[in-house]
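The basis for the numbers below is simple: all heavy atoms, side chains too, and nothing from hydrogens, waters or symmetry mates.
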Amino acid sequence: MIRYFDTRSQLNSPMPFTEVILQGLAPGGGLFVPERIPELGLGDIAQLAGLAYWEKASFIFQLFEPDLPRETIEEVARAAYGSNFDHPEIAPLVRVGDRYVLELWHGPTLAFKDLALQCMPLFFSAALEQKLARDSRVCDFLILVATSGDTGAAALSGFADRPHTKIAVCYPAGGVSPLQERQMTTQPGRNLTVFAVQGDFDACQRVVKEVFGDESFALELAANYNLRLSSANSINWGRLLPQVVYYAAAYSTLVTRGAVALGDPVDVCVPTGNFGNILAAYYAKRLGVPISRLLCASNANKVLADFLDKGEYDISSRTLIKTPSPSMDILVSSNLERLLFEVTGDGEQVRRWMEELRSAGRFTVDKQTFAEIRKDFLGSWVDNKTCIKTIAEVYRETGYLIDPHTAVAWRVAQDLGEERPVIVVSTAHWSKFPADVTRALLELEPEEPLEDDELTLLERVTSLAPGQAIPQALRAVLARPVRFNNRVAGTGEALKQAVRAWLTS
């Protein structure tokens, strides 16, 4: 059985998968990482192509040896990847011009987070049920989530009405697209709520982490509400493991189509904010998937691109920039910590770097660490105007319509050169961002005001881009009543008070 260490070396002994997924964050604020990475042989990769997606997922999950029965793992995978997705391949790989686009938006909330968050809650429930079978006095869980847009809707959808859990999602007020906000504030479910937190995403994430770090509040939740805190953000290993699957699946598809010979490398270009999705590609590479370069695509908040260029992570003098790709509007990329640990194996050094980031807003890695990171990762960034322009160019040249996040990845793949086949990761359906897609098709500036409402803008895109359709899942969201209008000040104390009020309502 593979167990999990702590990136900051604060854990006395490694933990099994079920405890890691329930706990979410490691003691002392670190993240869980596996003690070893299993091996996926080329023959295994070739065989994946003949399997249904849920079977591919089950196979890879079992490589990581979770402390759950085999039949439970298979049940989780089968339930996670079924009729809740609108494409039989779940994460299809499509040819667009000379590139391959990995479409990760066929789930219920039209974003890549569904690939993890239709699965993780099922693992969470299985782990909790296993624990309850041993001790009926185990607390229920409160899942507390900070989102820059897509995670919130996907987490709410995945955890809605699941037994023994409640979920509260926090998003930056004014920092997500109107449709992302509506997906969250209209979500059905008896066990959930949503808070709009004052400030940008980094402030929102900081407030949530402050609540997680408050031991007295944890004791209060346990004593008064029989609840224990956990997370559905990508800090939770249960979010990352399902994302490894689609990179292996995509490569096996390329081999089946004859696009690459088995064993020949490909590049992967990922629009990146919190570093979780591209880190999953890194773990896929470590697993044995023949990935050469991991191309990290940033928007105007280019802290990751700068880090991958110089080895210095510096947010001390940056202000978060609002962009057409709001899910990437992040300056503190939490999952980078996992990469630093994987490269160095030195939890104490990682802890020092994270403390420097917290206290001074910056840290610089040593030359050896930077050289190791650069063996796998290369970064670049795209400004707002280029992002919008790229949407128009891709549609004009190929007839394929992409969202602003995918546009960032498309342009970075182009800018960094294409020495070998490249998979561009498409993280959201265009319909979640109709204002910026409209601006692109009309060749307007990114800041150009548009007076139409969301539904009118969606219809306008379909008239400008014949053949495009508004997904039924989004029409259903627009028909749902708004349930939540909670505004919270950007402090940990304000969030704790809001949670108390919800739990006692």
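Counting heavy atoms of neighbouring residues, nucleotides and ligands inside a 6.0 Å radius, atom NZ of K322 does not exceed 12 of them. Atom CZ of R352 has more than 12 heavy atoms from other residues, nucleotides or ligands within 6.0 Å. For CD of E39, the number of neighbouring non-hydrogen atoms (other residues, nucleotides, ligands) closer than 6.0 Å is 12 at most. Around the CG atom of D135, the shell of radius 6.0 Å holds more than 12 heavy atoms that belong to other residues, nucleotides or ligands.
Between D6 and G30, the closest heavy-atom pair is OD1-CA, 3.4 Å. Among all heavy-atom pairs drawn from L304 and G273, the shortest one is CD1-O, 3.7 Å. The two atoms that bring I291 and A284 nearest to each other are CD1-CB, 4.4 Å, heavy atoms only. Across every non-hydrogen atom of Y4 and P16, the tightest pair is CD1-C, 4.3 Å. Among all heavy-atom pairs drawn from L48 and A248, the shortest one is CD1-CB, 4.0 Å.
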| message | Show, in sequence, the C-alpha distance, side-chain angles and deciding distance for Q62 and S58, and conclude whether the side chain to side chain donor-acceptor pair (under 3.5 Å) test is met. | response | CA-CA 6 Å; Q62 290 179 60; S58 177; 2.8 Å; yes
| said: Checking L294 against V270 for the side-chain contact (heavy atoms from CB on, under 4.5 Å) test, could you report, in this order, the C-alpha distance in whole Å, the side-chain angles of both residues, the deciding distance, and whether it holds? | reply: CA-CA 8 Å; L294 297 160; V270 188; 5.9 Å; no
| request: Starting from the C-alpha separation in whole Å, work towards a yes-or-no answer on salt bridge (charged side-chain N to carboxylate O under 4.0 Å, His left out) for D309 and K302. | output: CA-CA 11 Å; D309 182 47; K302 58 188 183 74; over 6 Å; no
| task | Could you give me the CA-CA distance, side-chain angles and deciding distance for L115 and I90, then say whether side-chain contact (heavy atoms from CB on, under 4.5 Å) is met? | result | CA-CA 8 Å; L115 273 296; I90 308 299; 3.8 Å; yes
| said: side-chain contact (heavy atoms from CB on, under 4.5 Å) for V424 and V412? Distances and angles first, verdict last. | reply: CA-CA 10 Å; V424 173; V412 166; over 6 Å; no
| From CA spacing to verdict: salt bridge (charged side-chain N to carboxylate O under 4.0 Å, His left out), K432, D403 | CA-CA 8 Å; K432 298 190 75 169; D403 87 297; over 6 Å; no
| request: Decide yes or no on side-chain contact (heavy atoms from CB on, under 4.5 Å) for L142 and I167, but give the supporting numbers first. | output: CA-CA 6 Å; L142 169 59; I167 179 168; 5.9 Å; no
| request: Check the pair R78 / E75 against salt bridge (charged side-chain N to carboxylate O under 4.0 Å, His left out), numbers first and verdict last. | output: CA-CA 5 Å; R78 188 191 292 268; E75 288 170 6; over 6 Å; no
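A donor-acceptor pair is defined here as one N or O able to donate and one able to accept, closer than 3.5 Å; no such pair exists between the side chain of Y53 and the backbone of A249. Put simply, the side chain of R3 never gets that close to the backbone of S13: no donor and acceptor are under 3.5 Å apart. Of the possible donor and acceptor atoms, none in the side chain of T151 sits under 3.5 Å from a partner among the backbone N and O of T147. Side-chain atoms of E65 come within 3.5 Å of backbone N or O of M1 as a donor-acceptor pair. Counting only distance, with no hydrogens or angles, the side chain of D214 and the backbone of E210 share no donor-acceptor pair below 3.5 Å. Side chain of R338 to backbone of F32: a donor-acceptor contact under 3.5 angstrom is found. When atom types are taken as modelled, the side chain of D161 and the backbone of R190 share a donor-acceptor pair closer than 3.5 angstrom. Under the 3.5 Å distance criterion, the side-chain polar atoms of N486 are matched with a main-chain donor or acceptor of V194. With hydrogens and angles disregarded, a donor-acceptor distance shorter than 3.5 Å links the side chain of R483 to the backbone of Q187. Q10 contributes a side-chain N or O that, together with a main-chain N or O of R8, makes up a donor-acceptor pair within less than 3.5 Å.
No hydrogens or angles considered: nothing links the side chains of Q183 and T109 as a donor-acceptor pair under 3.5 Å. At a cut-off of 3.5 Å, with distance as the only test, no side-chain donor of E129 or S125 sits close to an acceptor on the other residue. Using a 3.5 Å distance cut-off with no hydrogens or angles, the side chains of D329 and N301 do pair a donor with an acceptor. E342 and Y283 are linked by a side-chain donor-acceptor pair at a separation below 3.5 angstrom, with hydrogens and angles left out of the test. There is a side-chain donor-acceptor pair under 3.5 Å between N299 and S325. Looking only at atom types and distance, the side chain of S327 has a donor-acceptor partner in the side chain of Q180 under 3.5 Å away. For N236 and R239, the side-chain atoms include no donor-acceptor pair closer than 3.5 Å. Side chains of N384 and T323: a donor-acceptor N/O pair is absent below 3.5 angstrom, by distance only.
For the atom pair CG (L287) and CG (L40), the distance works out to 4.5 Å, reported to the nearest 0.5 Å. Of the inter-residue distances, the one linking N335 atom CG with F275 atom CZ reads 8.0 Å to the nearest 0.5 angstrom. Taken from OG in S177 to CZ in F433, the straight-line distance is 5.0 Å, to the nearest 0.5 Å. Atom CD in Q198 sits 11.5 Å away from atom SG in C204 (nearest 0.5 Å).
For the pair C170 and L495, the minimum side-chain heavy-atom distance is below 4.5 Å. K56 is not listed as a side-chain neighbour of Y246, based on a closest heavy-atom distance of 4.5 Å or more.
F159 and F124 have their aromatic ring centers within a separation under 6.0 angstrom. A centroid separation of less than 6.0 Å is found between the aromatic rings of F123 and F61.
Ion pairing of R358 with E337 is absent here, as no side-chain N (NZ or NE/NH1/NH2) approaches a carboxylate O to less than 4.0 Å. Salt bridge annotation for R318-D202: absent, with no cationic side-chain nitrogen under 4.0 angstrom from a carboxylate oxygen.
Sequence neighbours left out, not one pair with a member in residues 484-505 passes ring pair (Phe, Tyr, Trp, His ring centres under 6.0 Å).
Between D376 and the choices R286, R293, K285, the side-chain hydrogen bond (donor to acceptor under 3.5 Å, both in side chains) rule is met once, by K285.
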